[in-house]
Chemist: 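Questions regarding the structure given below will be posed in turn.
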Amino acid sequence: MKIIHVTASKEYDVKIGSGLLSTLGAELAKVSKIGTAAIISDSNVWPLYGEAAVAALESAGYKTVHYIFPAGEAHKSGANYLSILNFLAINHITRSDSIVALGGGVVGDISGFVAATFLRGIAYIQVPTTVLAAVDSSVGGKTAIDLQAGKNLAGAFYQPRLVLCDTDLLSSLPEDIFRDGCSEIIKYSILYDASLFSTLMRDGLDFDRESVIARCVELKRDVVAQDEFDTGQRQKLNLGHTIGHAVEANSNFTLSHGKAVAIGMAIVAGAAAKYGICSCDTQAKILSILAKFELPSATKHTAQELYESALSDKKRLGGSVTLVVPQEIGKCILRPTPIEALKDFIEAGL
Ligand code: GLY
């Protein structure tokens with residue numbers, strides 16, 4: 001097992017290893033009172049791991065209740081958020097109780113926002129069951145729901161008490177979902193770690209789960225420690241996301257987040273090479289790692305279509321967006337880009 005200690009406004013551990021789900025109750029008891037554990041999960045994850053989670057919690061003395069919603073981004077909604085709050089109220093959950101988010105990014109994001117706001121904040125822990133959640137969304141306290149106007153437009157920074165990542169859970173993922181999460185791992189390597197990039201190029205999908213996830217969490221931990229509230233360096237974690245979200249929105253969310261981010265990273269790499277910010281060799285390396293993981297790097301949408309979607313992205317700040325642009329593998333810069341220049345940037349990268 002690897003333990004990464006996060007120091008943000010609250011300190012907590014991210015524990016990563018095989019077999020950790022069976023320790024859920026004992027681990028929760030180290031960071032919260034014994035009371036009721038309200039498990040929030042979705043229709044994909046609950047049938048696989050619900051029983052084991054309940055057994056682990058009850059054997060440590062917790063009473064459990066569970067709220068399960070249909071899997072999918074469509075349920076990271078205001079309606080589902082209110083429904084979960086009502087569920088907690090009806091079940092008399094108090095500030096002495098805890099929320100357990102058992103699932104991927106959607107479950108983690110909405111559960112975290114529920115935890116941040118129910119009774120003005122109750123304890124929660126994250127039990128990520130996808131690669132994406134393990135390396136990114138479960139760590140760092142960003143919680144959110146989507147609004148009709150765009151993704152993640154309502155939320156709070158609210159740190160969990162613990163992140164418990166059982167790497168065994170990732171082996172039951174359909175290969176497509178697993179590969180999707182690898183897009184975020186590739187993102188960390190392009191941003192910060194040329195050696196991780198080489199490991200991924202060498203091992204492809206067979207990379208060592210525990211050490212690679214732990215390395216990504218360490219990288220994220222360092223960013224969150226410097227910039228918990230996303231006013232500076234944390235924005236780098238959006239590599240590929242501004243344009244990726246636009247690709248995702250243009251597909252009417254039929255394209256998964258990880259694939260959309262992969263396309264977003266390919267587009268910024270293409271533009272960076274055209275603008276002389278990175279070399280063509282760096283662009284080629286980025287395209288080849290995406291190909292190695294069988295992630296897409298092209299879109300049928302036009303620069304105009306992507307530009308229009310990107311305008312509603314939440315990172316828009318006044319008249320400009322901050323793009324994350326690679327200079328070399330392991331090094332990226334923040335590039336404030338006037339809105340008027342964004343379309344040309346996208347065009348250059350297509
Ligand atoms: N997922 C990006 C962040 O946590 O800042």
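Remember, it's 1-based here, ligands and their atoms both numbered in the order they're listed.
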Chemist: Among all the protein's non-hydrogen atoms, which is closest to atom 4 (O) of ligand 1, and how far away is it?
Modeler: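 Nearest protein contact, heavy atoms only, for atom 4 (O) of ligand 1 is K220 NZ, 2.5 Å.
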Chemist: In terms of side-chain heavy atoms, does Y49 have a donor or acceptor partner in S41 at a distance below 3.5 Å?
Modeler: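 Looking only at side-chain atoms, S41 and Y49 do not form any donor-acceptor pair under 3.5 Å.
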Chemist: Go through ligand 1 atom by atom and flag the ones less than 4.0 Å from a non-hydrogen atom of L237.
Modeler: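 Answer, ordered by atom number: 2 (C), 3 (C), 5 (O).
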Chemist: Quick one about E248 and H241 (side-chain donor to acceptor, distance below 3.5 Å, no hydrogens or angles considered), yes or no?
Modeler: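 Judged by distance alone, the side chains do not pair up.
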Chemist: Check this for me: E51, atom CD, are more than 12 non-hydrogen atoms of other residues, nucleotides or ligands nearer than 6.0 Å?
Modeler: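 No - once you tally the heavy atoms of other residues, nucleotides and ligands closer than 6.0 Å, there are 12 at most.
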Chemist: Where is the nearest protein heavy atom to atom 5 (O) of ligand 1: which residue, which atom, and how far?
Modeler: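 Nearest neighbour among protein heavy atoms for atom 5 (O) of ligand 1, to 0.1 Å: R234 NE, 2.7 Å.
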Chemist: Does a side chain donor of either N86 or Y67 reach within less than 3.5 Å of an acceptor in the other side chain?
Modeler: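 Note: N86 and Y67 side chains miss the donor-acceptor criterion.
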Chemist: Among protein heavy atoms, which lies nearest atom 1 (N) of ligand 1, and at what distance?
Modeler: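 For atom 1 (N) of ligand 1, the nearest protein heavy atom is D136 OD2, 2.8 Å.
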Chemist: Judged by non-hydrogen atoms, does H241 sit under 4.0 Å from ligand 1?
Modeler: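 Outside the 4.0 Å threshold, so no.
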Chemist: Assess K10 against Y158: is NZ or CZ under 6.0 Å from the centre of the six-membered ring, and within 45 degrees of the ring's axis?
Modeler: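 The answer is yes; both the distance and angle limits are met.
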Chemist: Under 3.5 Å between some N or O of ligand 1 and some N or O of N238?
Modeler: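 Among all N and O atoms of N238, none is under 3.5 Å from an N or O of ligand 1.
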